[in-house]
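Below, chains carry the letters A, B, ... as their sequence lines are ordered, and counting in each starts from 1. Owing to the predicted nature of the structure, the values given are computational and were not obtained by experimental measurement.
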There are 2 protein chains.
Amino acid sequence: MTDAATPLIRKDAARNRALLLEAAEDLYATVGLSVTLKDVARHAGVGVGTVYRHFPTKDDLLDALFADRLASATDSARKAAADPDGWRGLVRYLEDSMNMQVGNCGLRGLVVCTAPSSPLAVRSREEIAPLVQQMVAKAHQQGTLRPDFEAADVYYIQIALAAIIEATYHTDPYLYRHHLKLFIEGMRAGGHREPLPDSPESL
Amino acid sequence: MTDAATPLIRKDAARNRALLLEAAEDLYATVGLSVTLKDVARHAGVGVGTVYRHFPTKDDLLDALFADRLASATDSARKAAADPDGWRGLVRYLEDSMNMQVGNCGLRGLVVCTAPSSPLAVRSREEIAPLVQQMVAKAHQQGTLRPDFEAADVYYIQIALAAIIEATYHTDPYLYRHHLKLFIEGMRAGGHREPLPDSPESL
DNA sequence: CCCTAAACGGACCAACAATTCCGTTTTTTG
DNA sequence: CAAAAAACGGAATTGTTGGTCCGTTTAGGG
């Protein structure tokens with residue numbers, strides 16, 4: 001085997017790749033998905049060509065970048081799903097996942113994104129969905145969650161709060177927690193007096 | 001006066017302006033703020049030059065377009081503020097304003113927009129803010145609103161729900177009403193047992 | 001009917017982001 | 001150390017969008 005003798009990539013290439021990921025991590029987290037690959041290159045102190053040699057396309061960079069974030073989101077969901085108290089697990093998962101998004105504009109963009117988005121994000125959602133499903137089912141059995149709450153609602157709450165974070169994190173990064181509280185109160189079993197009509201025509 | 005004798009603009013100009021507004025209305029509502037002025041021109045059956053003669057910049061078109069929408073939002077707020085029952089007014093205002101956004105992608109973009117956005121949208125917000133303030137104050141006096149709910153929260157709820165609508169209206173335009181319900185339940189006075197810690201560090 | 005000014009259409013320009021290409025530099029290895 | 005391979009930098013290309021310019025057409029008063 002030549003694997004020890006000849007490293008698969010040259011030393012400088014490896015260094016630049018690391019530099020690139022670091023710079024991209026930094027920029028995407030603080031600025032968001034709108035950063036240019038030219039920006040990333042400059043931030044890393046290399047040329048654009050180098051970026052494209054390591055990551056054939058912008059999405060490839062993003063995938064490499066968010067792979068671990070998304071993995072840790074799945075982790076969080078797994079832990080939450082393991083909680084014997086469905087309600088508590090659900091609340092913790094919401095808290096964890098939103099907390100993760102406060103510090104990372106790019107991640108937010110990825111989550112809120114309506115478009116097909118990166119296959120990575122899609123896969124992550126597919127991994128997490130059954131876990132959320134479990135929490136919701138458990139909470140329903142335990143009678144702590146309002147009966148008309150569905151697993152998909154968790155995802156929509158995340159989208160909603162991401163939008164609030166987007167609008168407020170400059171001023172007050174944790175303001176969103178107040179609205180998270182509001183949502184959580186709304187999720188509770190036993191609250192729904194005076195139901196809203198299902199479609200506004202009836203108003 | 002020559003106003004009756006010589007119309008301020010030529011007949012064809014007037015017709016094209018109307019055509020343009022109609023086309024823009026249509027496109028912005030169904031596609032969103034991303035439509036190109038070239039698209040609008042094509043849709044209206046005129047050249048781009050004509051668009052720019054009538055509306056020097058894209059924002060001018062948008063302003064002309066959304067002026068009446070925003071006015072009707074203010075109306076809705078005024079009516080809601082007039083309701084002697086603060087809670088009911090608040091709920092109605094939320095319902096009205098969100099219902100307005102379901103059918104109009106462009107409007108949604110304008111509302112959610114974090115950036116300075118058009119001066120028109122800003123003015124509209126400034127007009128509506130004191131009305132919302134009134135509703136909230138009244139509901140607080142009447143003890144129907146949770147004590148830590150502030151007027152600004154109404155705006156954030158709108159942003160949050162707009163994001164949900166954005167993600168779901170293709171599939172089910174009124175799904176957002178379910179989440180509106182959740183928010184409304186969370187707004188109620190008397191719900192907040194087990195408060196969330198204010199910042200996640202404590203978790 | 002004809003002339004003038006207003007209005008028109010769309011080619012053209014500038015700015016910007018993604019991506020490609022290629023001559024030059026660096027690493028590796030014999 | 002020298003040559004080949006691998007990687008590099010950044011100019012150039014492509015595609016897109018907001019916006020301008022100007023030669024041509026048309027409305028409408030005399």
[N] phosphate, OP1 or OP2: any side-chain N/O from [X] under 4.0 angstrom?
{"X": "B:T36", "N": "D:dG18", "answer": "yes"}
{"X": "A:T57", "N": "C:dA18", "answer": "no"}
{"X": "B:K58", "N": "D:dG18", "answer": "yes"}

List in chain and number order the residues that pass side-chain contact (heavy atoms from CB on, under 4.5 Å) with B:Q133, two or more places apart in sequence or in another chain; answer none if no residue qualifies. B:A151

Partner set under side-chain contact (heavy atoms from CB on, under 4.5 Å) for A:K58, not counting sequence neighbours: A:Y28, A:L37

Nearest-nucleotide wise, let me know which of B:K38 and B:R17 is further upstream toward the 5' end of DNA chain C. B:R17

Separation of [N] [atom2] from [X] [atom1] (nearest whole Å):
{"X": "B:Y52", "N": "C:dC12", "atom1": "OH", "atom2": "P", "value": "18 Å"}
{"X": "B:H43", "N": "C:dG10", "atom1": "NE2", "atom2": "P", "value": "17 Å"}
{"X": "A:D39", "N": "D:dG10", "atom1": "CG", "atom2": "C1'", "value": "15 Å"}
{"X": "A:D60", "N": "C:dA18", "atom1": "CG", "atom2": "P", "value": "13 Å"}
{"X": "A:L27", "N": "C:dA17", "atom1": "CG", "atom2": "P", "value": "13 Å"}
{"X": "A:L33", "N": "C:dA17", "atom1": "CG", "atom2": "P", "value": "14 Å"}
{"X": "B:F55", "N": "C:dC8", "atom1": "CZ", "atom2": "P", "value": "11 Å"}
{"X": "A:L61", "N": "C:dA18", "atom1": "CG", "atom2": "C1'", "value": "13 Å"}

Please determine whether the number of non-hydrogen atoms from other residues, nucleotides or ligands lying under 6.0 Å from atom CD of A:E22 exceeds 12. no

Can you tell which of C:dG9, C:dT19, D:dG9 lies closest to the side chain of A:V46? D:dG9

Anything under 3.5 Å between a protein N or O and an N or O of nucleotides 1-7 of chain C, put it in a table, one pair a line.
| unit_1 | atom_1 | unit_2 | atom_2 | d |
| --- | --- | --- | --- | --- |
| C:dA6 | N3 | B:R10 | NH1 | 2.7 |

Is there side-chain contact between B:V91 and B:L180, with heavy atoms separated by less than 4.5 Å? no

Name the residue from B:K79, B:E127, B:R125 that meets the side chain to side chain donor-acceptor pair (under 3.5 Å) definition with B:T74. B:E127

Of B:L37 and B:G49, the one whose closest nucleotide on DNA chain D sits nearer the 5' end is B:L37

Do you see a donor-acceptor pair shorter than 3.5 Å between the side chains of A:H43 and A:D26? yes

With the threshold set at 4.0 Å, does a side-chain nitrogen-carboxylate oxygen contact exist between B:R15 and B:D12? no

